[in-house]
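Read the structure below first, then the notes.
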Amino acid sequence: MKRYSAFAIAKEALNNHQGWKRAWAKAQPKRKYDVIVVGAGGHGLATAYYLGKNFGIRNVAILEKGWLGGGNTGRNTTIIRSNYLQDPSAAIYEKARSLYETMSQDLNYNVMFSPRGVMMLAQTEHEVRGYKRTAAANAFQGVETEFIGPARVKELCPIMNIEGPRYPVLGALWQPRGGTARHDAVAWGYARACSAMGMDIIQKCEVTGVRSEGGRVVGVDTTKGAIDCDKLAMVVAGHCSHLAEMAGFRLPVESVALQALVSEPIKPCMDVVVMANTVHGYMSQSDKGEMVIGGGTDAFNNYTQRGSFHHIEETVRALVETFPMISRLKMLRQWGGIVDVTGDRSPILSKTPIEGIFVNCGWGTGGFKAIPGSGWGMAELIAKGHSPLTDEFGLNRFTEGRFIDESVAAGVAH
Amino acid sequence: MLILTCPYCGVTGEETEFAAGGEAHLKRFGPGSSDAEFESYLFARKNEKGVTFERWRHANGCGKWFHAARCTVTLEVFGTYKAQVTEPPKEILAAIRKRRPGWEPAA
Ligand SMILES: Cc1cc2nc3c(=O)[nH]c(=O)nc-3n(C[C@H](O)[C@H](O)[C@H](O)COP(=O)(O)OP(=O)(O)OC[C@H]3O[C@@H](n4cnc5c(N)ncnc54)[C@H](O)[C@@H]3O)c2cc1C
Ligand SMILES: [Zn+2]
């Protein structure tokens with residue numbers, strides 16, 4: 001792998017930039033791998049990366065039915081925060097957030113992590129109490145957050161109307177080191193590093209069947225033929241139930257559409273991320289100047305990557321109340337992703353009823369922020385059979401009624 | 001935007017008139033069942049990629065619960081039927097097979 005640097009840019013400039021190599025190699029499947037990861041989204045690629053980097057497991061293939069990063073990883077609104085309520089959540093999300101701090105250096109790939117600060121608005125008394133509780137929990141967990149009053153909210157984000165009328169801003173949960181990152185770059189950076197370790201990233205290769213013998217996985221069938229493996233990691237977000245069905249078990253997950261939209265680019269007007277959970281909308285400004293907006297999920301199961309129009313309408317209506325200046329902005333693009341939602345709104349990183357099959361799913365509306373922490377924990381789970389980051393997120397929590405309830409804390413999708 | 005017809009009052013409306021209620025025809029397990037049965041009843045979902053049967057309520061209308069047969073890949077609605085059944089009626093299965101030759105319900 002050729003290192004990216006200022007020196008390399010200067011050197012290539014002499015050559016009219018004709019000398020840059022592909023970031024990752026094209027690969028054809030081998031007959032057998034130690035580990036096959038299904039799904040080249042952020043979580044699949046990060047899982048493979050840490051298998052190689054932390055555990056020296058490099059005979060790994062990452063199979064992707066479409067193109068790398070074309071699932072939810074390339075469709076999300078890129079909010080990164082770790083201000084969750086429950087201890088196991090804080091542990092994995094804060095691990096992820098802290099890895100984002102040095103990711104560009106670690107991967108030698110600019111992921112444009114921008115810890116510009118994230119605020120979650122409290123617009124009802126109930127939310128004020130809820131966020132004060134979360135701020136207290138975060139203090140014990142070592143996650144830096146703070147409950148701030150309306151005057152400070154206005155100071156941090158002057159374009160906001162904090163007076164109401166329907167939902168005045170009563171304060172906010174503020175995480176100063178939360179922010180955003182370039183979603184594609186996260187996938188590309190991990191892919192480049194995986195390829196450099198000798199792993200095979202195989203695109204346009206859909207897994208169509210899972211083969212097991214005597215309760216142990218032996219391989220997968222794909223559109224590029226059968227491939228054997230010792231261990232299999234299913235990391236396919238909205239398609240996890242479909243993959244699990246191929247292997248003969250069910251998951252406590254439902255797949256629904258979540259949408260986002262961006263406006264035409266405008267001059268810098270907002271340098272924090274704002275989430276308004278009561279009115280279901282969140283917004284940040286990209287480096288290109290577009291306002292990046294997300295809202296709520298559809299209530300019914302869906303695999304189409306298209307959501308219902310009325311959600312966009314509701315989201316935009318709410319945000320225009322909160323940010324009057326966006327009322328005349330044109331919206332440029334709108335899209336949807338299929339997100340994998342669990343009952344307690346927490347992910348599943350787990351062994352499964354089939355020996356050798358591991359599943360990483362259930363990140364639902366908010367897994368972009370978790371990519372490095374999830375990959376770190378998942379790699380350890382696959383290599384060693386358990387990990388302090390993932391142990392609480394096993395499938396057995398549903399049998400035992402031991403939920404990691406983030407449904408209140410994460411009232412909105414992001 | 002889904003368009004559904006309420007099998008009780010006969011009104012055809014957009015999805016905003018209805019409330020989605022999740023997987024249909026779940027078999028209820030209560031006290032006396034095994035842990036696995038109880039867990040599966042509460043949490044495990046088919047989440048089909050394709051034909052699905054689900055519950056809906058005519059929330060902004062007559063208020064009644066009913067069932068719909070729908071495809072999660074095309075959003076095509078094959079039909080709706082009343083709530084007082086434990087499995088999809090023959091006409092609904094026929095309507096699905098007409099559009100999806102060879103389709104068989106999942107076990
Ligand atoms: C509109 C929207 C906004 C969001 N906003 C945020 C946000 O602001 N912050 C945040 O933290 N999270 C957000 N999320 C959630 C976040 O995007 C996801 O949780 C995360 O990207 C999931 O990553 P993944 O790698 O698990 O899945 P994906 O990126 O979806 O990757 C799974 C891959 O598996 C592949 N696949 C599926 N089936 C097969 C098969 N049979 N064979 C081979 N490959 C297969 C798919 O093609 C896909 O590329 C948002 C999501 C959406 C849709
Ligand atoms: Zn009705």
Side-chain angles (χ1 to χ4, degrees), chain A residues 65 206-208 236-246 248-257 259 296-314 336 338-344 346 348 352-353 361-362 364 394-403, chain B residues 1-4 13-27 29-31 33-60 65-78 80 100 104-107:
Chain A
K65 77 174 164 128
E206 178 171 358
V207 171
T208 52
V236 293
H239 282 76
C240 58
S241 302
H242 192 53
L243 258 286
E245 193 194 341
M246 294 178 198
F249 57 92
R250 271 185 200 165
L251 292 169
V253 170
E254 310 223 32
S255 300
V256 296
Q259 297 175 86
T297 54
D298 287 347
F300 53 85
N301 295 9
N302 185 347
Y303 283 86
T304 64
Q305 295 192 327
R306 286 198 309 270
S308 296
F309 185 75
H310 66 96
H311 280 296
I312 304 175
E313 200 179 348
E314 283 152 19
I338 299 305
V339 296
D340 39 336
V341 180
T342 61
D344 59 2
S346 285
I348 297 167
T352 67
C361 65
L395 275 168
N396 54 0
R397 77 175 187 267
F398 295 92
T399 327
E400 294 161 9
R402 187 178 39 75
F403 306 117
Chain B
M1 180 71 75
L2 292 179
I3 309 228
L4 298 170
E14 295 182 348
E15 71 187 62
T16 45
E17 191 164 324
F18 302 91
E23 186 174 322
H25 309 305
L26 289 174
K27 184 165 178 322
F29 287 92
S33 59
S34 72
D35 281 359
E37 284 166 337
F38 193 54
E39 182 203 359
S40 159
Y41 157 61
L42 284 177
F43 302 110
R45 291 294 171 264
K46 289 185 189 155
N47 194 17
E48 293 100 337
K49 187 178 176 185
V51 176
T52 186
F53 301 98
E54 57 195 0
R55 304 172 74 221
W56 284 84
R57 196 168 82 87
H58 194 182
N60 295 314
W65 282 98
F66 62 92
H67 289 132
R70 189 172 65 84
C71 177
T72 58
V73 177
T74 61
L75 301 190
E76 175 175 4
V77 179
F78 303 108
T80 54
R100 298 275 187 287
E104 284 304 323

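First the proteins, then the strands, lettered A, B, ... as listed; each starts at 1.
Residue contact with chain A, scored on non-hydrogen atoms closer than 4.5 Å, is absent for B:Leu42. For A:Leu395, the part lying near chain B is the backbone, with the side chain staying farther off; criterion is any non-hydrogen pair under 4.5 Å.
Atom CD of residue B:Glu48 and atom CD of residue A:Glu254 lie 9.5 Å apart, to the nearest 0.5 angstrom. Here B:Cys71 contributes atom SG and A:Tyr303 contributes atom OH; the two are 11.0 Å apart, rounded to the nearest 0.5 Å. The line from CZ of A:Arg306 to CE of B:Met1 is 13.0 Å long, rounded to the nearest 0.5 Å. Between A:Asp344 atom CG and B:Phe43 atom CZ the span is 8.0 Å, to the nearest 0.5 Å. Atom-to-atom distance recorded for A:Asp298:CG and B:Leu2:CG is 8.0 Å, nearest 0.5 angstrom.
Proximity to chain A at a heavy-atom threshold of 4.5 Å picks out B:Glu15, B:Thr16, B:Ala20 from residues 13-26 of chain B, in numerical order.
A donor-acceptor pair under 3.5 Å is absent between the side-chain atoms of B:Arg45 and the main chain of A:Ser241, judged by distance alone.
Within 6.0 Å of atom CG in B:Asp35, 12 or fewer heavy atoms from other residues, nucleotides or ligands are found, so the atom counts as exposed in its surroundings.
Among all heavy-atom pairs drawn from A:Thr304 and B:Thr72, the shortest one is CG2-O, 3.7 Å.
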Between A:Asn301 and B:Thr52, is a side chain to side chain contact (heavy atoms under 4.5 Å, CB included) present by the stated rule, with each step listed?
CA-CA 9 Å; A:Asn301 295 9; B:Thr52 186; 5.6 Å; no
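Side-chain contact annotation: A:Ser255 with B:Asn47, donor-acceptor N/O pair under 3.5 Å present.
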